[in-house]
Amino acid sequence: MALPSTPTASKAVIDREAYPDARGHFGEFGGMYVPETLMTPLQDLTDAYLEAKEDPAFREELDMYLREFAGRPTTLYFADRLTEALGGAQIYFKREDLLHTGAHKINNALGQALLAKRMGKQRIIAETGAGQHGIATASICAKLGLECVIYMGAEDMRRQALNVYRMRLCGAEVRGVEAGQKTLKEAVNEAMRDWVTHVRHTHYILGSALGCHPFPMMVRDFHRVIGEETRQQILEKAGRLPDEMIACVGGGSNAIGLFFEFLEEPDIRLIGVEAGGRGIRQGEHAARFAGGKIGVLQGCKTWILQTGDGQIELTHSVSAGLDYAAIGPEHAFYEQMGRIEYAYATDEEALDAFQTLSRVEGIIPALETSHGVAHTIVRAKALSPDKVVVCNLSGRGDKDVAEARRVLESMETDSA
Ligand SMILES: *Cc1c(COP(=O)(O)O)cnc(C)c1O
């Protein structure tokens with residue numbers, strides 16, 4: 001019996017501007033699951049943001065800093081050697097790795113720091129995983145003369161020692177968090193705790209499209225520039241829109257920043273790539289859609305890696321920036337709708353892509369980014385040479401070289 005084929009979900013009509021709603025929901029996801037004491041500050045922040053967003057003077061100041069301080073626009077670069085080596089689709093990279101401080105994170109850190117200044121808040125706090133958000137925040141705080149405290153898991157401080165030093169050079173205080181797994185989740189908890197007690201003069205710059213409303217919306221909006229530039233650039237360079245777009249997904253900010261502009265283009269396939277770690281077994285990965293369930297974590301309803309009784313699962317990834325149990329609520333929403341697809345790359349596949357891109361194109365990507373590159377290689381091989389794939393190069397790999405070397409050399413020793 002022939003079953004009617006379900007319409008491919010990507011053909012569904014999308015109204016991207018309709019989300020989140022006024023209470024921060026993306027369909028059933030998102031929201032504000034926070035203690036009472038935070039409701040007023042979050043509402044004030046939402047109001048201040050929505051007002052700033054409509055103020056041309058704010059937009060102008062932000063554009064000036066994005067251009068002069070961060071280095072926008074970033075180029076869209078045709079990877080001719082990688083394309084040729086794979087023999088498939090034409091590969092373009094959006095070069096967020098060329099931004100000041102080395103990753104896309106600066107887009108959001110800048111936006112929120114200017115918003116804090118506008119709100120009269122002199123003290124900034126932030127969490128960081130890989131250290132990229134911490135360094136972006138520390139640098140813009142130095143530039144704007146704001147006090148800066150960064151919370152970072154002790155394990156991440158070990159993996160990203162150079163970024164800790166960079167933050168301190170920029171005048172930030174880095175506070176190590178020794179609780180739990182000593183990674184990003186615990187750093188977010190500490191930052192939240194700080195914010196609750198000092199909210200009157202402190203703004204919390206959350207680093208990904210995560211957490212309670214209005215953060216997922218605000219962070220997404222500050223990264224929309226990635227996709228907006230990409231549309232113009234791919235039309236100039238390839239003469240048409242891409243067939244597929246790919247980005248790695250930790251909390252989901254670089255991915256939604258690239259994808260948002262194209263959500264309403266039904267013919268473009270959008271693929272987020274999560275961290276497959278050592279494989280999809282309990283505690284060995286951070287691929288929320290591969291092993292998670294719907295739940296609430298850190299103020300937000302979304303897909304979360306959790307045990308049967310709702311305890312947050314241990315996670316693992318070779319890249320600190322993807323090593324997190326929850327995914328941003330907007331991703332959960334578009335996954336459910338079938339508009340964005342999610343794949344994962346393992347540590348080993350990411351490390352392979354890290355080396356391939358370095359060798360073939362002379363670009364050393366961040367380990368987070370390498371997950372997107374790994375899947376781009378898979379997709380390009382599967383597509384014919386008339387197809388076009390765009391991958392977001394979310395950050396550069398300088399920060400990861402020591403850790404990659406350690407892991408790669410230990411793999412060689414193991415197999416010797
Ligand atoms: C932080 C980070 C990520 C993951 O965060 P998203 O919010 O999912 O983008 C990816 N790549 C780099 C280079 C990062 O620094």
Side-chain angles (χ1 to χ4, degrees), residues 74 93-109 112 126-137 150 152-153 156 159-160 162-163 166-167 183-184 187-188 205-211 215-216 218-220 222-224 226-227 246-260 271-275 286-289 300 302-303 315 317-332 340 342 344-345 350 353-354 357 363-375 391-401 403-404:
T74 60
F93 288 116
K94 180 60 172 161
R95 299 291 308 274
E96 296 295 292
D97 61 313
L98 294 177
L99 287 172
H100 180 48
T101 67
H104 68 288
K105 297 278 189 341
I106 191 81
N107 301 323
N108 167 56
Q112 287 199 50
E127 85 297 337
T128 196
Q132 287 304 124
H133 176 55
I135 182 70
T137 302
I150 305 289
M152 189 170 188
D156 288 337
R159 290 194 283 193
Q160 305 289 346
L162 261 183
N163 267 349
R166 286 194 185 99
M167 287 180 251
T183 64
L184 185 57
V188 173
I205 303 189
L206 209 133
S208 189
L210 270 174
F215 287 106
M218 240 173 20
V219 176
R220 171 200 74 194
F222 287 131
H223 285 300
R224 280 168 70 162
I226 303 171
I246 296 170
C248 66
V249 184
S253 70
N254 89 87
I256 200 70
L258 178 68
F259 295 165
F260 191 82
I271 308 172
V273 185
E274 299 183 278
R288 288 66 47 109
F289 291 125
C300 163
T302 186
W303 277 77
T315 53
S317 170
V318 69
S319 62
L322 304 185
D323 196 351
Y324 188 65
I327 192 167
E330 195 161 11
H331 287 279
I340 305 179
Y342 295 83
Y344 60 82
F354 174 82
L357 194 66
I363 298 172
I364 302 174
L367 285 174
E368 292 81 8
T369 312
S370 299
H371 290 70
V373 175
H375 197 69
C391 171
N392 201 15
L393 273 198
S394 54
R396 60 177 174 248
D398 307 37
K399 70 184 174 62
D400 293 316
V401 170
E403 178 74 1

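Both ligands and their constituent atoms are indexed starting at 1 by order of listing.
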Visitor: Using side chain to side chain contact (heavy atoms under 4.5 Å, CB included) as the criterion, point out the one residue from Glu368, His371, Arg288 that pairs with Val249.
Guide: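 Option passing the side chain to side chain contact (heavy atoms under 4.5 Å, CB included) with Val249: Arg288.
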Visitor: Give the atoms of ligand 1, by number and element, whose distance to some non-hydrogen atom of Gly252 is under 4.0 Å.
Guide: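 It comes down to these atoms of ligand 1: 6 (P), 7 (O), 8 (O).
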Visitor: Considering the heavy atoms of Gly395, write down every atom of ligand 1 situated less than 4.0 Å from one of them.
Guide: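 Once the distances to Gly395 are compared, the set is 13 (C).
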Visitor: I need the nearest protein heavy-atom contact for atom 11 (N) of ligand 1: residue, atom name and distance, please.
Guide: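 Here the closest protein heavy atom is Ser394 OG, 2.7 Å.
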Visitor: For Tyr324, does the OH atom have more than 12 heavy-atom neighbours from other residues, nucleotides or ligands under 6.0 Å away?
Guide: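 Result for OH/Tyr324: enclosed.
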Visitor: Ile246 and side chain to side chain contact (heavy atoms under 4.5 Å, CB included): which single residue from Ile271, Val373, Leu258, Asn392 fits?
Guide: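 Passing option: Ile271.
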Visitor: Determine the minimum heavy-atom distance between Leu367 and Lys399, stating which atoms define it.
Guide: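 The answer is N-NZ, 4.5 Å.
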Visitor: Can you check side chain to side chain contact (heavy atoms under 4.5 Å, CB included) on Thr128 and Lys105, steps first, answer last?
Guide: CA-CA 11 Å; Thr128 196; Lys105 297 278 189 341; over 6 Å; no
Visitor: With atoms numbered from 1 as shown, which atoms in ligand 1 lie under 4.0 angstrom from a non-hydrogen atom of Val249?
Guide: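 In order of numbering, the contacting atoms are 8 (O).
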Visitor: Any nitrogen or oxygen of Lys399, main chain or side chain, under 3.5 Å from a nitrogen or oxygen of ligand 1?
Guide: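 Between Lys399 and ligand 1, no N or O pair is found under 3.5 Å apart.
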Visitor: Return yes if some donor-acceptor pair links the side-chain N/O of Gln112 with the main-chain N/O of Leu206 below 3.5 Å, else return no.
Guide: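 Checking the backbone N and O of Leu206 against the side chain of Gln112, a donor-acceptor pair under 3.5 Å is found.
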Visitor: List every atom of ligand 1 that sits less than 4.0 Å from any heavy atom of Ala366, numbering the atoms from 1 in the order shown and giving each element.
Guide: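 With Ala366 as reference, the close atoms of ligand 1 come out as 13 (C).
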Visitor: For atom 6 (P) of ligand 1, what is the nearest protein heavy atom, given as residue, atom name and distance?
Guide: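 Among all protein heavy atoms, the one nearest atom 6 (P) of ligand 1 is Ser253 N, 3.3 Å.
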Visitor: What are the atoms of ligand 1, with element, lying closer than 4.0 Å to any heavy atom of Thr369?
Guide: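 So the answer, numbered in order with elements, is 13 (C).
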Visitor: Relative to the heavy atoms of Ser208, which atoms of ligand 1 are at a distance of less than 4.0 Å?
Guide: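 The atoms of ligand 1 under 4.0 Å from a heavy atom of Ser208 are 6 (P), 7 (O).
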Visitor: Would Glu368 count as being in polar contact with ligand 1, using the rule that some N or O on each side must be under 3.5 angstrom apart?
Guide: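 No, since none of the N or O atoms of Glu368 sits under 3.5 Å from an N or O of ligand 1.
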Visitor: Give a yes or no answer on whether the side chain of Thr315 reaches the backbone of Ala325 with a donor-acceptor pair at less than 3.5 Å.
Guide: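 No, Thr315 side chain to Ala325 backbone: no donor-acceptor pair under 3.5 Å.
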Visitor: Using a strict cut-off of 4.0 Å, indicate which atoms of ligand 1 neighbour a heavy atom of Gly321.
Guide: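 The atoms of ligand 1 under 4.0 Å from a heavy atom of Gly321 are 4 (C).
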Visitor: Which value, rounded to the nearest 0.5 Å, describes the distance between Ile205 atom CD1 and Thr137 atom OG1?
Guide: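 Spacing of CD1 (Ile205) from OG1 (Thr137) equals 5.0 Å.
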Visitor: Tell me if the CD1 atom of Ile364 is crowded by more than 12 foreign heavy atoms within 6.0 Å.
Guide: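 Count not over threshold, so no.
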Visitor: Short list, please: which atoms of ligand 1 are under 4.0 Å from a heavy atom of Cys248?
Guide: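 In order of number, 10 (C), 11 (N).
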Visitor: Using every non-hydrogen atom in the two residues, find where Phe354 and Ser370 come nearest and quote the distance to one decimal.
Guide: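 Phe354 and Ser370 have their closest heavy atoms at CB-OG, 3.5 Å.
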Visitor: Run down the list Gln132, Glu96, Lys105, Arg220 and name the one with the heavy atom closest to atom 1 (C) of ligand 1.
Guide: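 It is Lys105 that holds the nearest heavy atom.
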Visitor: Short N/O distance, under 3.5 Å, between Ala209 and ligand 1?
Guide: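 It does not: no N or O of Ala209 is found under 3.5 Å from an N or O of ligand 1.
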Visitor: Would one find an N or O of Gly251, backbone or side chain, under 3.5 Å from an N or O of ligand 1?
Guide: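 Indeed, backbone or side chain, Gly251 has an N or O that close.
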